[in-house]
There are 2 protein chains.
Amino acid sequence: MDVFLETVSALNDETRIRLLAFLDTHGALCVCDLQESFGMIQSRLSRHLKILKDGGFLRVDRCGTWAYYSIRSPLDRFRSEALAEIRCLGLELPQLIKLSQNEGCSL
Amino acid sequence: MDVFLETVSALNDETRIRLLAFLDTHGALCVCDLQESFGMIQSRLSRHLKILKDGGFLRVDRCGTWAYYSIRSPLDRFRSEALAEIRCLGLELPQLIKLSQNEGCSL
DNA sequence: ATAATATATCAAGATATATTGATATTATGA
DNA sequence: TCATAATATCAATATATCTTGATATATTAT
């Protein structure tokens, strides 16, 4: 029950749905790129990304000080069905603004 | 987005998950039976059932003063995958206590 | 070592959701 | 009609979640 509720409540926020859609489109991104693209302060994004990670939707790859978040793969049936629903929403998402250009980290 | 969020937030509550599992097991039940079985006051149940109905999970059949709630059929992919997850939780549910015995209404 | 950058976490206030008790509505039966 | 029963809705309070700004930690560059 607790795990299911953690998964569901991760989906229960518009910002997090947009983040999932954005990462689904653009692949792995660091917090600072998301911060720039979404125009949100860093603490807000960091919190939402943690909730999505704990909900089983995202993975994190650390590379120096950077934390790259991406859709976890494979997703189980429920989570991938949720992602499919999100794809069908046809959300208008912000332009990707990429500040980080780490040569050292290829993701 | 709004419809998806309404669906997700309907799932985002332990009481509603238990109600879905209970109705999934026992079929159509009226509010007073759920009230008796769950030991909850009527206004609380009525509110949760409305949220589940608005979220697309339940249908209501009225019969005199009784309102019979049941799992809507067919459910779309996301909602039926959610229900499948709920079935897999193996929740311990209360005993069904059936007060109503309407001969006039066969559901 | 110091400074700058990226990220995570915490505390406080703002917003949303849940619970309760009271009231309103509708249907049934005496 | 009047009383009773089933359900829905509302107002007030309690609880949970979100947002912000500040602070802490860790890495890289000078």
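The chains referred to below are lettered A, B, ... by the order of the sequence lines, with proteins before strands, and numbering in each begins at 1.
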**Report entry** Ring geometry between A:Phe78 and B:Phe78 (parallel below 30°, tilted from 30 to 60°, perpendicular above 60°)
**Finding:** parallel
Report task. Starting at atom CD of B:Gln35, determine the distance to atom C1' of D:dA8, rounded to an integer number of angstrom. Result -> 13 Å
Requested in this report: Using modelled atom types only, decide if a donor and an acceptor are shared between the side chain of B:Ser37 and the backbone of B:Ile97 within a distance under 3.5 Å.
Outcome: yes
Query raised in the report: Below 4.5 Å, heavy atoms only, C-beta onward: do B:Leu29 and B:Lys98 meet side chain to side chain?
Result: yes
Report summary line: Result for side-chain hydrogen bond (donor to acceptor under 3.5 Å, both in side chains) between A:His48 and one of A:Arg18, A:Lys53, A:Arg16 points to A:Arg16
Query raised in the report: Does B:Gln42 offer a backbone N or O that forms a donor-acceptor pair with the side chain of B:Ser46 under 3.5 Å?
Result: no
Requested in this report: Begin from the C-alpha positions of A:Arg44 and A:Thr15 and carry the test side-chain hydrogen bond (donor to acceptor under 3.5 Å, both in side chains) through to its verdict.
Outcome: CA-CA 10 Å; A:Arg44 181 177 174 187; A:Thr15 298; 3.3 Å; yes
Report summary line: Rounded to whole Å, CG of A:Leu19 lies from C1' of D:dC18 at a distance of 14 Å
Query raised in the report: Which nucleotide in the set D:dC18, C:dT7, D:dT7 lies at the smallest distance from any side-chain heavy atom of A:Arg16?
Result: D:dC18
Query raised in the report: Less than 4.5 Å apart, any side-chain heavy atom of A:Glu14 and any of B:Leu5?
Result: yes
Report summary line: Here the distance between atom P of D:dT9 and atom CG of B:Leu49, to the nearest Å, is 12 Å
Requested in this report: Please state how far atom CG in A:Leu45 lies from atom P in C:dA8, giving the value in whole angstrom units.
Outcome: 10 Å
Requested in this report: Starting from C1' on D:dT7, measure out to CZ on B:Arg62 and report it in whole angstrom.
Outcome: 7 Å
Query raised in the report: Between CG of A:Leu58 and CD1 of A:Ile51, what distance do you get to the nearest 0.5 Å?
Result: 11.0 Å
Report summary line: Per-nt protein contacts along nucleotides 19-30 of chain C (heavy atom under 4.0 Å; B base, S backbone sugar-phosphate only, - none) come out as BBBB----BS--
Query raised in the report: Whole-Å distance between D:dA5 C1' and B:Asp33 CG?
Result: 13 Å
Query raised in the report: Just how far is it from atom CD1 of B:Ile71 to atom OG of B:Ser80, taken to the nearest 0.5 Å?
Result: 11.0 Å
**Report entry** Terminal axes of the helix from C:dA1-D:dT30 to C:dA30-D:dT1 (five pairs each): angle between them, nearest 10 degrees
**Finding:** 10°
Requested in this report: Could you check how far CG of A:Leu5 sits from P of C:dA18, rounded to whole Å?
Outcome: 11 Å
Requested in this report: Return yes if some donor-acceptor pair links the side-chain N/O of B:Arg79 with the main-chain N/O of B:Arg72 below 3.5 Å, else return no.
Outcome: no
Query raised in the report: What integer distance in Å separates A:Ile17:CD1 from D:dT17:P?
Result: 16 Å
Query - Phosphate-side-chain proximity, B:Tyr69 and D:dA8, N/O vs OP1/OP2 below 4.0 Å - result: yes
Query raised in the report: Quick one, which residues of residues 51-60 of chain B touch DNA chain D with a heavy atom under 4.0 Å?
Result: none
**Report entry** N/O donor-acceptor pair under 3.5 Å between B:Ser70 side chain and B:Gly27 backbone
**Finding:** no
